[in-house]
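For the single chain, residues carry numbers from 1 onward in sequence order. First listed ligand is number 1; within each ligand, the first listed atom is number 1.
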Amino acid sequence: MNAPIRPMPIPIGLLAELTHRCPLRCPYCSNPMALDRRSSELETEDWKRVFGEAAALGVLHVHLSGGEPTARADIAELTAHCAKVGLYTNLITSGVGQASARLPALFDAGLDHVQLSVQGAGQATGDLIGGLAGAHAAKLAFAAEVVRLGLPLTVNAVIHRGNIHEVEAIIALAVAMQAKRLEIAHTQYYGWAYANRAALMPTRAEADASVAVVEAARERLKGTLVIDLVLPDYYGLYPKPCSGGWARRSLNVTPSGKVLPCHAAESIPGLEFWSVREHDLAEIWRSSPAFTAFRGTDWMPEPCHSCERRERDWGGCRCQAMALVGDAAATDPACSKSPHHARMVALATAESVDPNPPPYIYRRIGGTAAEPRQGEPVA
Ligand code: FES
């Protein structure tokens with residue numbers, strides 16, 4: 001029997017990585033290993049064209065992200081343009097650097113929503129993990145201003161060994177900040193986080209306890225706070241449908257204009273990424289080699305191809321398969337059906353119980369994992 005013909009999916013979200021510049025230096029940074037420099041960033045008019053093309057393609061919401069997106073002086077102008085072409089805007093920010101200073105102009109420009117990252121529940125953890133003294137205090141002030149302006153606030157906390165004992169306190173912090181939503185996201189280990197995995201991996205018992213804390217809080221805080229939970233991959237049974245499935249729901253545009261199916265796709269060697277400098281976004285979505293490489297189910301190996309979950313998991317995470325198996329087309333080792341799953345769990349278990357984890361490899365533009373600034377004191 002022939003496979004059913006499926007219509008081309010339409011993306012609903014665009015992650016606009018406006019810049020890789022960032023005052024924070026988080027060891028789990030989701031930006032690529034090689035960061036784009038300011039001199040290679042798209043100009044204001046390029047981004048405006050991209051947002052117009054995104055709206056025409058059917059995209060509904062734009063995540064204005066980075067790095068720290070408020071490092072760009074034109075952030076309010078770009079936000080106003082998104083509003084003009086009918087896109088819902090979500091500012092994904094660290095709340096430090098220029099964030100507070102630029103917030104009033106962003107509000108005036110029609111910004112719809114703010115997602116603020118926190119690195120811990122208090123100053124000690126927050127400043128240490130973000131690698132910046134004073135960062136946590138700046139976030140508190142920023143959140144208060146967001147709420148005062150009447151903008152909806154989501155708090156995002158990436159969870160790992162260094163802050164997993166604070167999940168209950170992070171939930172309390174989100175309530176105190178008057179956030180409407182909290183995202184408790186266990187670290188995804190590819191790119192920079194993969195280089196720091198041994199420093200970041202929690203034990204299974206810690207991961208399980210954190211999930212129980214979230215579930216109890218969800219009940220307790222019904223009507224006050226919605227909590228989204230991204231489960232820890234290494235201790236799971238099935239993989240997550242990464243990005244909602246490869247080239248199915250969203251696209252990422254890097255600061256220099258490359259269009260990626262997911263934020264870590266550049267970690268897969270041999271993929272060809274097209275740029276908005278040369279192609280229309282719709283053409284890239286439909287036809288660029290990186291988007292067609294793992295779209296749908298035809299590319300899947302066994303056991304994925306005949307698995308009843310194949311259109312639920314969409315094969316899991318290609319970047320994780322690349323990092324752990326050395327083959328982006330392999331079954332995600334987070335799946336218990338993968339022949340590599342046991343090795344993945346053993347790796348995580350061994351790293352998580354090491355009483356002397358390595359120091360963080362902090363992030364900075366121009367730095368590499370091979371030449372890290374290891375364990376620097378918070379400046
Ligand atoms: Fe690239 Fe998961 S991060 S597919």
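- Remark: the Gln320 side chain and the Tyr234 side chain contain no N/O donor-acceptor pair separated by less than 3.5 Å.
- Remark: Arg295 is positioned above the aromatic ring of Trp285, its terminal NZ or CZ atom under 6.0 angstrom from the ring centre and at most 45 degrees off the axis.
- Counting only distance, with no hydrogens or angles, the side chain of Asp46 and the backbone of Arg277 share no donor-acceptor pair below 3.5 Å.
- Ordered by chain and number, Cys262 SG, Cys319 SG make up the set of protein N, O or S atoms under 2.8 Å of atom 1 (Fe) of ligand 1.
- The nearest pair of heavy atoms linking Glu77 to Lys48 is OE2-NZ, 2.7 Å.
- Not a single donor-acceptor pair under 3.5 Å links the side chain of Ser250 to the backbone N or O of Gly13.
- Inspection of the His279 and Ser287 side chains reveals no N or O donor paired with an N or O acceptor under 3.5 Å.
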